[in-house]
Amino acid sequence: MTEDEFDGFYAAAFPRLTGQLYAFTGDHGEAQDVVQEAFVRAWDRRREFLVDGAPEAWIRTVAMRLAVSRWRRARRWLELVRHNPPPEHTPGPGPERAALVAALRELPEAQRMAVVLHHLCDLSVEQVASETGAPVGTVKARLSRGRAALARRLGEADELGEREDDRVR
């Protein structure tokens, strides 16, 4: 089967096979996925399809096997989750992290981006400049201003926390 013949076959057979697999799986998106995957696998065998004489049957068989395989994986995953349930409660971020995120939100976007990329993603100043499209000197200035603003905001948060602690005592 030539590329053009395969394209024509795909255009004619895909909707029909998707409908058949939809009836099999009960999920239209899943049916489209497995039929598409079967066509991808068929692409490498397209020259042999003329000899076989039943390319649509081959693709349907492959798609059905893919669907069954996905079901089995999903079932195994569910069994694993049932035997090892996730923890009942996952603790949220601590007060320091929440204060940092709140302070970061108050920074201008360019400063916030520079600070996050440099300090949280561990990128060098040059890498931050490359990723943001800003000159190295601009990134250095944004980092300096951003750190100063964060220090002020986080210092204010610490002072508020100390005042609340004094009131509780």
Side-chain angles (χ1 to χ4, degrees), residues 3 6-7 10-11 14-15 17-18 21-22 25-44 46 59 62-63 65-169:
E3 289 184 21
F6 189 87
D7 289 345
Y10 175 85
F14 183 81
L17 288 166
T18 299
L21 268 290
Y22 173 55
T25 63
D27 182 333
H28 192 260
E30 181 76 9
Q32 288 177 323
D33 286 349
V34 294
V35 171
Q36 186 67 40
E37 177 64 27
F39 269 104
V40 168
R41 292 180 183 192
W43 176 256
D44 293 332
R46 68 187 178 278
I59 290 177
V62 170
R65 288 179 181 166
L66 287 167
V68 169
S69 177
R70 287 180 177 199
W71 282 341
R72 287 181 181 151
R73 271 185 300 219
R75 189 177 63 209
R76 275 188 241 129
W77 182 82
L78 282 172
E79 289 171 4
L80 177 66
V81 169
R82 285 184 187 140
H83 293 312
N84 302 317
E88 291 290 322
H89 175 70
T90 303
E96 297 86 14
R97 182 119 172 131
L100 174 62
V101 170
L104 280 168
R105 285 185 185 149
E106 294 178 18
L107 293 179
E109 183 180 346
Q111 288 178 13
R112 182 173 57 242
M113 177 76 74
V115 169
V116 168
L117 290 174
H118 184 67
H119 292 288
L120 299 179
C121 298
D122 292 325
L123 297 182
S124 69
V125 172
E126 291 77 18
Q127 289 171 318
V128 173
S130 173
E131 194 158 316
T132 60
V136 172
T138 302
V139 170
K140 289 179 180 179
R142 289 174 181 169
L143 285 170
S144 176
R145 291 181 187 124
R147 284 189 292 250
L150 282 175
R152 284 191 305 274
R153 287 181 174 96
L154 292 173
E156 292 169 4
D158 286 343
E159 290 173 14
L160 287 174
E162 290 173 9
R163 286 187 222 146
E164 286 180 19
D165 288 343
D166 290 341
R167 281 188 248 155
V168 172
R169 290 182 196 159

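Atoms CG and CG, on Leu120 and Leu104 in that order, are 6.5 Å from each other to the nearest 0.5 Å. Leu107 CG to Arg147 CZ: the interatomic distance, rounded to the nearest 0.5 Å, is 12.0 Å. With rounding to the nearest 0.5 Å, the separation of CD in Glu106 from CD in Gln111 is 12.0 Å. In this structure, the separation between CZ on Arg142 and CE on Met113 is 9.5 Å, given to the nearest 0.5 Å. To the nearest 0.5 Å, atoms CG (Leu100) and CZ (Arg97) are separated by 7.0 Å. A distance of 9.0 Å separates CZ of Arg112 from CZ of Arg105, quoted to the nearest 0.5 Å.
In this structure, the side chains of Arg41 and Leu66 come closer than 4.5 Å at one or more pairs of heavy atoms. Between His118 and Val139, the closest side-chain pair of non-hydrogen atoms is not below 4.5 Å. Contact check for Leu117 versus Gln127: no side-chain heavy atoms found under the 4.5 Å cut-off.
Counting all heavy atoms, side chain and backbone alike, Leu21 lies closest to Ala31 at C-CB, 3.6 Å. Across every non-hydrogen atom of Pro135 and Ala129, the tightest pair is C-CB, 4.2 Å. Here the closest heavy-atom approach between residue Gln36 and residue Phe14 is recorded as OE1-CE1, 3.7 Å. Counting all heavy atoms, side chain and backbone alike, Ala103 lies closest to Leu150 at CB-CD2, 3.6 Å. When every heavy atom of Val136 is checked against every heavy atom of Val125, the shortest pair comes out as CG1-CG1, 3.7 Å.
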Verdict with reasoning, Asp33 to Arg70, per side-chain contact (heavy atoms from CB on, under 4.5 Å):
CA-CA 11 Å; Asp33 286 349; Arg70 287 180 177 199; 3.4 Å; yes

Stepwise, does the side-chain contact (heavy atoms from CB on, under 4.5 Å) test hold for Thr18 with His28?
CA-CA 8 Å; Thr18 299; His28 192 260; 3.8 Å; yes

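Within a 6.0 Å radius of CD in Glu109, no more than 12 heavy atoms belonging to other residues, nucleotides or ligands are found. The number of heavy-atom neighbours closer than 6.0 Å to OH of Tyr22, taken from other residues, nucleotides and ligands shown, is 12 or below.
Taking the six-membered ring where tryptophan is involved, the planes of Phe39 and Tyr10 are perpendicular, since the angle between them exceeds 60° and thus also 30°.
In terms of modelled atom types and a separation under 3.5 Å, the side chain of Ser130 and the main chain of Glu126 share no donor-acceptor contact.
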